[in-house]
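Here the structure comes first, spelled out in structure tokens, and everything after it is commentary.
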Protein chains: 2
Amino acid sequence: MTAIARSDDVRRQNRRLVLSVLRRSEKLSRTEITARTGLSPSTVSAITSDLLSDGILRELRDGDATATRRGRPQVALGLNPDAAAVIAVVLSLNALSAALIDYAGDVIVSEQSRLDTLAMSGDEIAASVRAMVGTLVDEATYRDMRVPRIAVAFQGITDAGARTLLWSPITREIDIPLGDALEGAFGIPVTVENDCNMIAVALKAKDPGHYGENFIAVLLSHGLGMGMMVRGELFTGTKSSGGEFGHMNHVPDGALCRCGRRGCIEAYAGNYAIWRAARNLGDDTPPAADIADADMAALAAAARAADGPERRAFHAAGRAIGFGLGSLFAILDPAPVAIVGQGALAFDLIEGPLLEALAKTAGGQHHPIPSFHTDPDEMPLIRAGCAMRALTFVDREIFARGAVSPVAGSGRAVA
Amino acid sequence: MTAIARSDDVRRQNRRLVLSVLRRSEKLSRTEITARTGLSPSTVSAITSDLLSDGILRELRDGDATATRRGRPQVALGLNPDAAAVIAVVLSLNALSAALIDYAGDVIVSEQSRLDTLAMSGDEIAASVRAMVGTLVDEATYRDMRVPRIAVAFQGITDAGARTLLWSPITREIDIPLGDALEGAFGIPVTVENDCNMIAVALKAKDPGHYGENFIAVLLSHGLGMGMMVRGELFTGTKSSGGEFGHMNHVPDGALCRCGRRGCIEAYAGNYAIWRAARNLGDDTPPAADIADADMAALAAAARAADGPERRAFHAAGRAIGFGLGSLFAILDPAPVAIVGQGALAFDLIEGPLLEALAKTAGGQHHPIPSFHTDPDEMPLIRAGCAMRALTFVDREIFARGAVSPVAGSGRAVA
DNA sequence: CTCTATTAATTCGAGGCTCGAAAAAAATAG
DNA sequence: CTATTTTTTTCGAGCCTCGAATTAATAGAG
């Protein structure tokens, strides 16, 4: 806010603006851009002409024949898929996937592999990621597309600079410098992001009507995750990716959590916690390594069928999440919530206690109870968010600056 | 972030920048401004010349005789105290105070009065504030100073627009439109702010070395309050002033809170909660209306003297605050903490259990334990923060725009 | 088939802004 | 009184946006 401003910052900001409306709409005439941005027609003309000659935009001479109106027909402009490509990597428990995505957001090629992350060292994990990314970089080189950005998403915590994997449940190792490893290998700027933050990015891009300026995405699976959008921006911690909702305290000195502490929300609402409670194993039982989706589904079925430990376990989970959201809402006010991940399949079981707990907290005091939507399939969201994150970076930090030749010869060329 | 930029926005931003370094330093030559802002000497010359002819700055031809160096001597510039004035109002339990403050930040006149806020209606409170502000507006008119901003601080919650008192412990009434009342009466823009947010503003202004980009101010008195600075900006809720730290949940279905809910942190750490626990009154005892500082001091003395219910009460308070901070830090990472208010006098009693609880939560997991500083006297901070808030608004929103004649004839003139 | 109305997009000059280089101003040192 | 040093201002080059005027490209009317 208190930064110096120069003359050409104005153009940069307005180029950003034009690119941002085009990223949302895919196909817009100069007149429509004028209307959406509020810029004057002359400015839009100047900016789009620059972007066209830079190869960042292209004219879409559509065969749609919308020419039913009188007057000079509009020329649709869109992001040029060949302007650049980004690589989006998703690292999860025992699985690695990555995709090469063109500038318009379409997947060109994708790669998947299974790997035993828990048994691997940090170096081995970094090497696996590097190998897969290498394949995609080669692919990009072969197609003569430059790759100005790589984004990696994983479950866990990164530093605030989004460069290092600080901690993740998918490995025993901490402080894996994934960003530096990839950047060193390919000379391409990298961000390492929390998966739930990427879910939030994807939700905002997908349904801006419902997920607007402020909302919360909660991932329910083996552990808990959260991504928050606050005032239109992804909310991250000051030193890390932040948003460790699952490790807010629910019950002081309560159930044993996977993190080694006690009483975390996750220790009541993670799959392992629900499983533990449903099997009457006691709060001190160390968390199971992983629980199959089918087993959780069976638990949910049992809970729906009859009152018993299973149902009580899901209720306790709902209660923990409800109190946690209440505490969160006390700090930053209620906002729509997306319940994402396999746990969303059992949302019918946890919703009641969740709302009941929420009503008992300050979050519900001055404002109406927020809406809850569910989406059990998190992976597409993480992939889409990760790609969007990388593309938005290119929009804002690279193509918003003039004097960049985007369609460079080398696939590895970096500004 | 995605706003349109025009040519003159550049000048506005750079005027802001110049005003912000001058507000921090009080006395700076053009050369020093050049160094601190990074602007070119020509630009600084142009901007300061505008600001001087607008009457916003003044030359301080000092008798300090710093002329021991060779070369043309520097001319010190400073904010012109007569450029404008603001009114800062602090409304607290049974007391109202307000001050007329010149543009350089010095108090011109201040007013105080005692009133029985709990017995008053919202209209009566608004009328009292209006009357006191009226006196100061008259004073400003008499001195031929225009008042472009009023800021009101109080303990409680406002709407996100900082216009309405939504709830406050100082009155039984809710939704008091203080902002509209004052704006209607005087035609001056008004913000209504949470007192702890103003404490945070004041701490940042007072000690930017320690309270930098990220820190938390916790007010311990009858109830609890919190103000947060996140990435250099005051963090407010999306719909309200937010930061209701005291009403994050500590123990599900726990002790009765002043807000009517159960288990809030405040229900363990507010004065009434400590009192209640120290007197073995039980968690369900309705909160006392108010407890004299002397009584709390006596309680603290007893707690220091011997192990017993008093000491346990303070320990429970520390524990509640510690778990609460831990949950907060799970979301946005650890940051320095200021413990402000009368409760800071007993910080020696609560610090141990606080740190112990904090160590049990995720907040302390990846980062070192943050620092804790105390300041028992909150009123000066609230006053200073409130004044600073109003002045900063004038800097940024009014004087950063050119073409404003600041030293208007009428004291009530508003842009 | 030509002409006119209509809508889209571009061009051009006016007016801002920052910056670097050069000039002017104001003091000390000798 | 002159040279030196440091601060501050002035001036032209180079961006940028915007409004008004101009050019481009179509559908419909006669």
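Heavy-atom basis, side chains included; hydrogens, waters and symmetry copies ignored. Predicted model, so just to flag it, every value in this text is computed and none were measured. Chain letters run A, B, ... following the sequence lines, proteins first and then strands; every chain starts at 1.
- Between Phe235(B) and Phe235(A), the distance separating the two ring centers is shorter than 6.0 angstrom.
- The CG atom of Leu17(B) sits 16 Å away from the P atom of dC17(C) (whole-angstrom rounding).
- Picking from dT4(D), dT8(D), dT26(D) the nucleotide with the shortest atom distance to the side chain of Pro73(A) gives dT26(D).
- Defining each end axis of the helix from dC1(C)-dG30(D) to dG30(C)-dC1(D) as the rotation carrying four pairs' C1' atoms onto the next four, with five pairs an end, the two axes are found to diverge by 30° to 10 degrees.
- Comparing Glu59(A) and Gly71(A), the nucleotide of DNA chain C nearest to each residue sits closer to the 5' end for Gly71(A).
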Reading nucleotides 15-21 of chain D 5' to 3', which nucleotides get B (base under 4.0 Å from a protein heavy atom), which S (sugar-phosphate only), which -? BBSBB--

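- One can place CG of Leu28(A) at 13 Å from P of dA8(C), the figure rounded to the nearest angstrom.
- Whole-Å rounding puts the Arg30(B) CZ to dA25(C) P distance at 15 Å.
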Give the C-alpha distance, both sets of side-chain angles, the deciding distance and a yes or no for side-chain contact (heavy atoms from CB on, under 4.5 Å) between Leu57(B) and Asn80(B). CA-CA 5 Å; Leu57(B) 299 186; Asn80(B) 180 4; 5.7 Å; no

Which is it for Arg231(B) and Thr236(A) under the side-chain hydrogen bond (donor to acceptor under 3.5 Å, both in side chains) test, yes or no, and what are the steps along the way? CA-CA 10 Å; Arg231(B) 298 183 198 284; Thr236(A) 60; 2.7 Å; yes

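- Remark: P of dA29(C) and CZ of Arg69(B) are 12 Å apart, rounded to the nearest angstrom.
- Thr43(A) and Ser40(A) form a side-chain donor-acceptor contact under 3.5 Å, judged by distance and modelled atom types alone.
- Of the listed residues (Asp8(B), Asn14(B), Asp9(B)), just one forms a side-chain hydrogen bond (donor to acceptor under 3.5 Å, both in side chains) with Arg12(B), and that residue is Asp9(B).
- Taking 4.5 Å as the limit, every side-chain heavy atom of Met145(B) sits out of range of all side-chain heavy atoms of Tyr103(B).
- Listed by first and then second residue, the salt bridge (Lys or Arg N to Asp or Glu O under 4.0 Å) pairs that reach into residues 29-47 of chain A are Arg30(A)-Glu59(A), sequence neighbours excluded.
- For Arg72(A) and dT7(C), the CZ to P distance is 14 Å, given to the nearest whole Å.
- Screening Arg16(A), Arg389(A), Arg149(A) against Glu397(A) for a salt bridge (charged side-chain N to carboxylate O under 4.0 Å, His left out) leaves a single residue, Arg16(A).
- Rounded to whole Å, the distance from CD on Gln74(B) to P on dT5(D) is 17 Å.
- Here the side chain of Asn214(B) pairs no donor or acceptor atom with the backbone of Thr238(A) at under 3.5 angstrom.
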